[in-house]
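See below for the structure under consideration.
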Amino acid sequence: MTVTISFANQKGGVGKTTSSVTLAHGLARMGQRVLLVDLDGQGHVAKSLGFEKENGLYRLLFNGEALESVRKTAREGLEVILGDKTTDQVEAQLKKEKNGLNTFVKFARQLPKVDVLIFDTPPSLSLLQAAAITAADVLVVPVVMEALAVDGLKELMRSLAQLRKNHQQAARFGTFILPTMFERTTSLPVQTLRELAETYGRQVWPPIPKDARLREASAAGQTIWEYAPRCPAVRYMMNRHLVGGYHVIVERLMEILT
Amino acid sequence: MTDELTPKPDLDPVLAEYLREQDKLDLERALPRSERRKLLRERRKNAERRGRRALYDFPPGLIKMVADIADEARMTNSQVAGLLLLHALRDYRQGKIDLRTYREPSESPRYDFRIDLDDLFESWDFNPKP
C-alpha cells in the first residue's frame, strides 16, 4: 500500500524541497519505489535532481496526458513529476472548481501504486498545500530554529488540525517536525529546539544541521547522497555521538514504512 | 549522572542524545576557566591516544603475568606488553614463529582459523630454567 508523505510549511526557505528531494532519494536507495511530485511553482525539484523545469503536473492534470509521458526517472527507484510556473495555473484552475481540493486528493490517490508518494509543496497555505496535507499519511513540517519559529509552528499546527477536521482526514502515521538548518553556535536555536521537544515530544525529529554542501549539491543537480554522503547534513555527529542528519530521518521513515 | 542529563522518556532517542550532549557542553561551559582548561587538556590527550590504543582478548593469566612483570620492573603494563610484543613480532617476521603450528579450523563465519590461547597458556612452562 502506498504511503503518502507531504512536506509542508507555509513559510518559505525552511528546507521543504531539500528535505523532500533528499528523503525521496534516501528512501529509493533503501529499495523503496518512490514517486516525488513537485507542487511548487518554483519548480526547484527539477533543478535539485539535474533536470530542466517542465510543466509535468499541468500536462497530467489538464492536458489529459498519460502519467507515463510526464513522469521521469530521476534515479534508480525514484520517479518524479516535475513542475514549473504552470503549476500556479493548476492551483488557479483547481480554485475555480467547486471542490478543487477534493479533486486533487482524488487525483493523488489515483497515482500509480508505488511504495511512497511524496509531495513537495509551495510556501503558502494554498489549495495545493492544503490538498497535499489532506492526502498525507505522514506529514513532515520542516522548521528553522529561529525567533518566533515555535509560535509560527503552533499557528500552523492549529491550521493543520482545522484542515483535517474539515476534511475528516488525519495523517495516518502522524505529523513530524523536522528541525532544519540547525546551528548550535548561538543559544537561540538550541533553546528553540528544547522548547519544541518539550512541547511536541516524539513528534520532533533529530535536527539537520546547516550545511553549505546541501546548497552545493542542489546547484550541481545532485542529491546529498551523491554529492557529499559523509557530510554533517547526512550524519550529524557531536562528541562522536550521532545526533541527527538525513540518515536518521530515512531510518525514521523506514520504521514507518516497514 | 545528574538530573539535567537524564533524557526525557518521550523524545526521539537521537534527539535525546543531542540534548544530552548539549547539556554536557553547557555544563562544561559553566565551569571555572581552570577546570575547563583541565578538561580540554584531558580531551586532547585522549584524542591523541585514540590511534595508539587497542583492545584484544587474552587469557586472564596472560594479562596478570604482564601486570606482574610491569610491577616488578616499575613500568606501565602497556610498555611491557609492547616490548614483549615487539620481540615476538620480530621473531614472527624472521620466520621463527609459524602460525600454522598453532591454528585449528574455526567455526566462526568470519574467520577460517583460531588459536586456543587459553589451552596454550596452560600448557606452556613460563618458569625460569634452573
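Basis for what follows: all heavy atoms, side chains included, without hydrogens, waters or symmetry-related copies. Lettering follows sequence order; numbering is per chain, from 1.
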Please check if the number of heavy atoms outside [X] that lie under 6.0 Å from its [atom1] is greater than 12.
| X | atom1 | value |
| --- | --- | --- |
| R33(B) | CZ | no |
| M30(A) | CE | no |
| R215(A) | CZ | no |
| E255(A) | CD | yes |
| F126(B) | CZ | yes |
| E104(B) | CD | yes |

Which bit of F176(A) is near chain B, if near means a heavy-atom gap under 4.5 Å: side chain, backbone, both or neither?
->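 Neither; nothing under 4.5 Å.
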Could you tell me whether the side chain of [Y] reaches within less than 4.5 Å of the side chain of [X], counting heavy atoms only?
| X | Y | answer |
| --- | --- | --- |
| V204(A) | D12(B) | no |
| L15(B) | V243(A) | no |
| L19(B) | R194(A) | yes |

Checking side-chain hydrogen bond (donor to acceptor under 3.5 Å, both in side chains) against N239(A), which of R20(B), K24(B), E21(B), E17(B) comes through?
-> E21(B)
If every non-hydrogen atom of V190(A) is compared with every non-hydrogen atom of Y18(B), which pair is closest and at what distance?
->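 Nearest heavy atoms, V190(A) then Y18(B): CG2-OH, 3.5 Å.
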Can you name the closest pair of heavy atoms from L242(A) and V14(B) and give their distance?
-> O-CG1, 3.6 Å
Check the pair L25(B) / R184(A) against side-chain contact (heavy atoms from CB on, under 4.5 Å), numbers first and verdict last.
-> CA-CA 11 Å; L25(B) 204 69; R184(A) 53 186 186 85; 3.4 Å; yes
